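Written out below as C-alpha cells is the structure these notes cover.
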Number of protein chains: 2
Amino acid sequence: MPKRVDHAERRTEIAEALVRVAGRRGLHAVGMRDVAAEAGVSLRLVQYYFETKEKLLLFGLERLAERFTERVSARVRAAGDDPGPRAMVEALLMAALPTDEESRTFHHLYTSYAVMAMHDQALAAQPFIKNPEAAEDAVTGLLRQAQEAALLEPGVDARLEAISLLAMSAGLGTSLLVGQRDQESAVAVLDHHLDRIFRARDGSAATRADGEPGTG
Amino acid sequence: MPKRVDHAERRTEIAEALVRVAGRRGLHAVGMRDVAAEAGVSLRLVQYYFETKEKLLLFGLERLAERFTERVSARVRAAGDDPGPRAMVEALLMAALPTDEESRTFHHLYTSYAVMAMHDQALAAQPFIKNPEAAEDAVTGLLRQAQEAALLEPGVDARLEAISLLAMSAGLGTSLLVGQRDQESAVAVLDHHLDRIFRARDGSAATRADGEPGTG
DNA sequence: ATCATTGTGGTACGTTCGTATCACGAAACC
DNA sequence: GGTTTCGTGATACGAACGTACCACAATGAT
C-alpha cells in the first residue's frame, strides 16, 4: 500500500479546509468538491476519509469548537499571569465576539450549524449542548471565584449572570456579523454589564468601558 | 385574460407558504417546488409572481418581519390598556422569545436569513438593519418613558439597556431553539434583568420574576 | 516472490435544483 | 369580434450535487 497515512491528521486537514471555504462562501454553498479543492486533494479522498457529507459536517463542527476553545483559552492566558477574574471574563467574552477574521468565521459557521441543529435535533445536538455548557460553567466559575474574593457586588447570582453575559455576547455577535452594530458599541455594552456586576475600582485605569476615544 | 388577480395578495400567499414549509424543513432545504406545493399552485406560478428565487426569499423575509411586528404589538396591546412600561417591555421581549410554534418558526427563519445576510451583505442588508433598529428604538422609548415616570433605577442608560435586553433575548432565543436551555430559565434571566433596571415595587403582585411555581 | 490490502485518481450515475420555453384558454380593450 | 394581454400549465434544460463504481499503484505481510 502507499505511504501509510495518519487518518486523524488527514481528517483534520480536510475539516479545516471545510471551515476555510465555508467561512468564505457560506456553509450552505459548500460542496464536497469545494472542500476537496480547498484541501488540495481529490474529491475521492474527501469521500474516503469521510464517507458521507453529513459526517464531514459533524466532524467540522467538532473541529471548529475545538479551535475556538483553544482560541479562548489562549486569549485568557494572554490577559496576563493572574489578571483577576474580571479581566479573564472580559477576555473570554471578547474572544467570543466576532471582531477579527477568525472569530467572524467561527461565529458565522457556528450560527449556520445552529440553524441545522434546529431540525436535526438529535443529530448535531451533542456539540451544541456540551460546548456552550462548558463556557457557561467556565464563566460561572470565574464569577464565583470573584465572589469569594469579594470583587462582586453583593447579591449577584453567578450562574444567572454567566448565562446573561454569554447570551448577550452571542446576540451582539450576530448583530455585528450582519452589520447592524459596530464592534465598539458591542464591547461597550458588555463592559457596562461587567461594571454592574463587579464592584467599582478605586483607581480608574483598567476598565475603559465608557471612555470614548478622543477625536471621534 | 383569466380572472384578473391581485398580485400583491398572491405574492403574500406564496410567501407565507414559503414561511410555513421553511419552518417545517429548514430554509436551506426549501426549493421553489416545495413552496409551490405548499401554496397549492404550480411551479410556474411561483416563477410568475417572483421571477427568481432570490426575490422570493427577500420578499419572504419582509413578510416574516411584518408578521412578527404585528405579533409583538398584538402581545403588547394584550398586556392591558396602560399596563405601564415594564409590562410592555416584558411583553415585547417575551414575544420575541421562541416559545410557541409561531415564534419558533420566526426565530429559526430569521436566524437562517441572518446567516445568508452574512455574505450577501448588500443584498439582504436593509431588513436586517431596519427592523432590529426599530425594536431597539421601541424598547429605548419605553425605557425613557419609564425613566420620566421615575420607575427606573437612577443612572440607567435607556438605549444601552435596550440593546442589552434585545441582544440577550436573541441569544437566549437561539439557546432555546437548539435545546440548550428551557423556556422558564430564559424568562427568568430576562426578568431578572428587568428587575435590576426597574425600581423594586412596593407591593409584591405583579412581577413574579423569582417566584417558582409550587409543585415543580 | 506472491498476494492481499490501503490510498488515490477518474469518472459515471441518478437526482434535484433554478430557470427557460412552449402552449393555450380566458378576459379586457378597441 | 378580433386581437392583444394576462394567468396558468406542462415540460425541457443545463448545471451541480452527493454518492458509487472501477482501476491501479504502492506497500506490508507471508
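All figures in this text were calculated on a predicted structure; none of them were measured in a lab. Naming convention: chains lettered A, B, ... in sequence-line order (proteins, then strands); numbering from 1 in each chain.
Residue B:Lys55 contributes atom NZ, which lies 14 Å from atom C1' of C:dG18 at whole-angstrom precision. Distance, B:Glu54 CD to C:dT19 P: 9 Å, rounded to whole Å. Here the P atom of nucleotide C:dT8 and the CD atom of A:Glu13 are 10 Å apart, to the nearest Å. Atom CG in B:Leu18 sits roughly 11 Å away from atom P in C:dG18 (whole-Å rounding). Whole-Å rounding puts the B:His28 NE2 to C:dC17 P distance at 12 Å. Atom-to-atom, CZ of B:Arg4 to P of C:dG25 comes out at 20 Å; the value is rounded to the nearest Å. D:dG7 atom P lies 10 Å from atom CG of B:Asp6, rounded to whole Å. In this structure, CD of B:Glu51 is placed 13 Å from P of D:dC6, rounded to the nearest angstrom.
Closest contact between the side chain of A:Tyr48 and the listed nucleotides D:dG7, C:dT6, C:dG18 involves C:dT6.
Looking at heavy atoms from C-beta onward, A:Ile163 lies out of side-chain contact with A:Val139 at the 4.5 angstrom threshold. With a 4.5 Å cut-off on side-chain heavy atoms, B:Pro85 and B:Leu143 do not count as touching. Taking 4.5 Å as the limit, some side-chain heavy atom of A:Tyr110 sits within range of a side-chain heavy atom of A:Pro132.
Nucleic acid contact class of B:Tyr49 (heavy atoms, under 4.0 Å, all strands): sugar-phosphate only.
Considering only side-chain N and O atoms, A:Thr52 lies nowhere under 4.0 angstrom from the phosphate OP1 or OP2 of D:dG18. A close approach under 4.0 Å does occur between a side-chain nitrogen or oxygen of B:Ser42 and OP1 or OP2 of D:dG9. B:His7 has a side-chain polar atom (N or O) that falls below the 4.0 Å cut-off from OP1 or OP2 of D:dG7.
The cationic atom of A:Arg71 (NZ for Lys, CZ for Arg) does not lie both less than 6.0 Å from the six-membered ring centre of A:Phe106 and within 45° of the ring axis.
Taking A:Arg63 as the reference, A:Glu16, A:Glu66 meet the salt bridge (charged side-chain N to carboxylate O under 4.0 Å, His left out) condition, with sequence neighbours excluded.
Note on A:Asp137 versus A:Arg144: no salt bridge recorded, every NZ/NE/NH1/NH2 to OD/OE distance being 4.0 Å or above. The pair A:Asp34-A:Arg20 does not meet the salt-bridge criterion, since no charged nitrogen lies less than 4.0 angstrom from a carboxylate oxygen.
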Sort me out a list of protein N/O and nucleotides 11-16 of chain D N/O pairs below 3.5 Å, or just none if empty.
none

